[in-house]
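Heavy atoms only: backbone and side chains are in, while hydrogens, waters and symmetry mates are out.
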Number of protein chains: 2
Amino acid sequence: MGSNKKTLTTDSALLLDNQLCFALYSTSLAMTKLYKPLLEELGLTYPQYLVMLVLWEQDDVAVSELGSRLYLDSGTLTPLLKRMEAAGLLARSRSAEDERRVNIALTEAGRKLKARAARIPGCVVRAAQCPLPELVSLTQQVQALRQRLTA
Amino acid sequence: MGSNKKTLTTDSALLLDNQLCFALYSTSLAMTKLYKPLLEELGLTYPQYLVMLVLWEQDDVAVSELGSRLYLDSGTLTPLLKRMEAAGLLARSRSAEDERRVNIALTEAGRKLKARAARIPGCVVRAAQCPLPELVSLTQQVQALRQRLTA
DNA sequence: ATAAATTAAATTGCACACAATTTAATTGTG
DNA sequence: CACAATTAAATTGTGTGCAATTTAATTTAT
């Protein structure tokens with residue numbers, strides 16, 4: 001009985017649909033697909049949109065600052081920011097005080113894009129077909145989990 | 001006042017930390033990083049581990065079946081499965097009944113790997129520092145969201 | 001029965017993610 | 001002051017994800 005129970009437990013722990021990690025992974029990818037057509041109108045990919053969210057909150061930040069807000073490293077951000085610079089959304093410039101740092105600042109076109117992005121959150125909430133309080137609660141639970149995982 | 005309220009609402013809707021999508025995205029990436037050292041011992045990447053979870057539940061499935069279980073397409077799965085075949089974990093073979101299909105079957109080494117993977121869920125739950133019932137509840141909420149998004 | 005439509009994988013091309021390394025600048029220590 | 005340690009970006013290489021297309025097999029409709 002004892003070993004039988006252990007086997008059952010082990011098996012159920014390896015079931016795909018019992019995995020929180022897979023729920024997060026597949027739902028995050030589904031979210032990205034939902035954003036895709038909305039962001040295509042703005043000429044942004046989903047990670048680029050995240051960069052814009054940071055910059056619309058606080059312009060002129062270092063790459064490392066973007067990285068700590070988004071949990072991404074320079075290996076991801078450097079090429080991504082170069083593409084966004086080529087698209088005319090932002091400018092990359094070495095900091096004068098600390099030559100190691102590269103500051104990222106929105107261009108006028110980048111700032112203006114915020115107005116066109118304003119409708120996106122509403123579209124997403126509608127697609128989620130879920131009461132706003134539940135979405136807020138779910139967001140907080142997932143953030144709390146992230147905090148424990150990155151601690 | 002009316003336009004002021006609208007502006008405030010729009011702004012808060014674009015705050016990074018109010019985005020469920022970003023919570024899911026960043027937490028999913030954090031989860032993947034948590035798995036990385038555990039899976040490295042087994043010679044698996046995280047998406048490859050997901051393939052193994054499916055195959056340990058049901059061996060000998062078509063690529064399309066894997067895709068619908070994992071919400072991934074052949075563009076992702078084909079090269080991934082070729083790497084797993086090269087690693088000796090599974091075999092790819094054209095179906096006799098339907099020559100369009102490619103069946104994926106575990107090798108003996110692939111089946112045996114399940115025993116070594118058995119300890120992984122426990123490690124992850126421990127790292128999440130979260131009561132099991134809460135993890136189960138969160139999993140179900142995220143799955144429900146995925147269902148609404150993919151509907 | 002056969003042409004058109006559909007389906008299943010594979011392929012191609014692009015954009016992430018990230019570990020590991022490199023380069024360059026700054027900080028800390030004796 | 002010199003020099004080791006640290007820090008910030010960039011680079012390199014591997015492995016996803018996915019849209020769009022291609023190839024080949026099967027199904028459907030006529």
Problem - Any donor-acceptor N or O pair under 3.5 Å, side chains A/Ser137, A/Gln141 - result: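 Short answer, yes.
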
Item to complete: Compute the angle between the rotation axes at the two ends of the helix from C/dA1-D/dT30 to C/dG30-D/dC1, each taken over five pairs, rounded to 10 degrees.
Response: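 For the helix from C/dA1-D/dT30 to C/dG30-D/dC1, the axes at either end differ by 20°.
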
Salt bridge flag under 4.0 Å for residues [X] and [Y]:
| X | Y | answer |
| --- | --- | --- |
| A/Arg101 | A/Glu65 | no |
| A/Glu40 | A/Lys36 | yes |
| B/Glu85 | B/Arg92 | yes |

Mind calculating the distance between [atom1] ([X]) and [atom2] ([N]) to the nearest angstrom?
| X | N | atom1 | atom2 | result |
| --- | --- | --- | --- | --- |
| B/Phe22 | C/dA17 | CZ | P | 11 Å |
| B/Arg100 | C/dA5 | CZ | C1' | 12 Å |
| A/Tyr35 | C/dA15 | OH | C1' | 19 Å |
| A/Leu72 | C/dC16 | CG | P | 10 Å |
| B/Met31 | C/dA17 | CE | P | 18 Å |
| B/Leu77 | C/dT11 | CG | C1' | 14 Å |
| A/Leu66 | C/dC18 | CG | P | 15 Å |
| A/Arg83 | C/dA17 | CZ | C1' | 11 Å |

Is there a side-chain contact between [X] and [Y], using heavy atoms and a 4.5 Å cut-off?
| X | Y | value |
| --- | --- | --- |
| A/Arg69 | B/Asp17 | yes |
| B/Tyr49 | A/Phe22 | no |
| A/Arg83 | A/Thr45 | no |

Would you mind telling me which residue lines up with the more 5' stretch of DNA chain C, B/Ala62 or A/Ser74, judged by nearest nucleotide?
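This one resolves to B/Ala62.
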
Q: Take the angle between the ring planes of A/Tyr35 and A/Tyr46 and call it parallel below 30°, perpendicular above 60°, tilted in between.
A: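 Rings of A/Tyr35 and A/Tyr46: tilted, 30 to 60°.
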
| said: Using only atom types and a distance under 3.5 Å, with no angle test, would you say the side chain of A/Trp56 pairs donor to acceptor with the backbone of A/Gly110? | reply: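 It does hold such a pair.
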
(request) Would you indicate whether A/Gln147, at its atom CD, is surrounded by more than 12 heavy atoms from other residues, nucleotides or ligands within a distance under 6.0 Å? (result)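 Atom CD in A/Gln147 is not crowded, with 12 or fewer foreign heavy atoms closer than 6.0 Å.
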
*Considering only heavy atoms of chain B and a distance under 4.0 Å, specify the first and last nucleotide of DNA chain D in 5' to 3' order that meet this criterion.*
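Listing 5' to 3', DNA chain D meets chain B from D/dG15 to D/dT26.
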
Does the side chain of B/Lys36 get closer than 4.0 angstrom to OP1 or OP2 of C/dC18 through an N or O atom?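 The answer is no; no side-chain N or O of B/Lys36 sits under 4.0 Å from OP1 or OP2.
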
- Query: Can you tell me if the side-chain N/O atoms of B/Tyr25 get under 4.0 Å from OP1 or OP2 in C/dA17?
  - Reply: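 Answer yes for this pair, as a side-chain N or O of B/Tyr25 is under 4.0 Å from OP1 or OP2.
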
Name the nucleic acid region contacted by [X], choosing base, sugar-phosphate or nothing; use a 4.0 angstrom heavy-atom cut-off, strictly under.
| X | result |
| --- | --- |
| A/Thr76 | base |
| B/Leu29 | sugar-phosphate |
| B/Glu97 | sugar-phosphate |

ask   = A/Val102 or B/Pro79: which one's nearest nucleotide on DNA chain D is closer to the 5' end?
value =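 Whichever sits nearer the 5' end wins; that is A/Val102.
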
Closest-nucleotide ordering on DNA chain D, the 5'-leading residue of A/Leu81 and B/Asp73: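 It is A/Leu81, whose closest nucleotide lies nearer the 5' terminus.
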
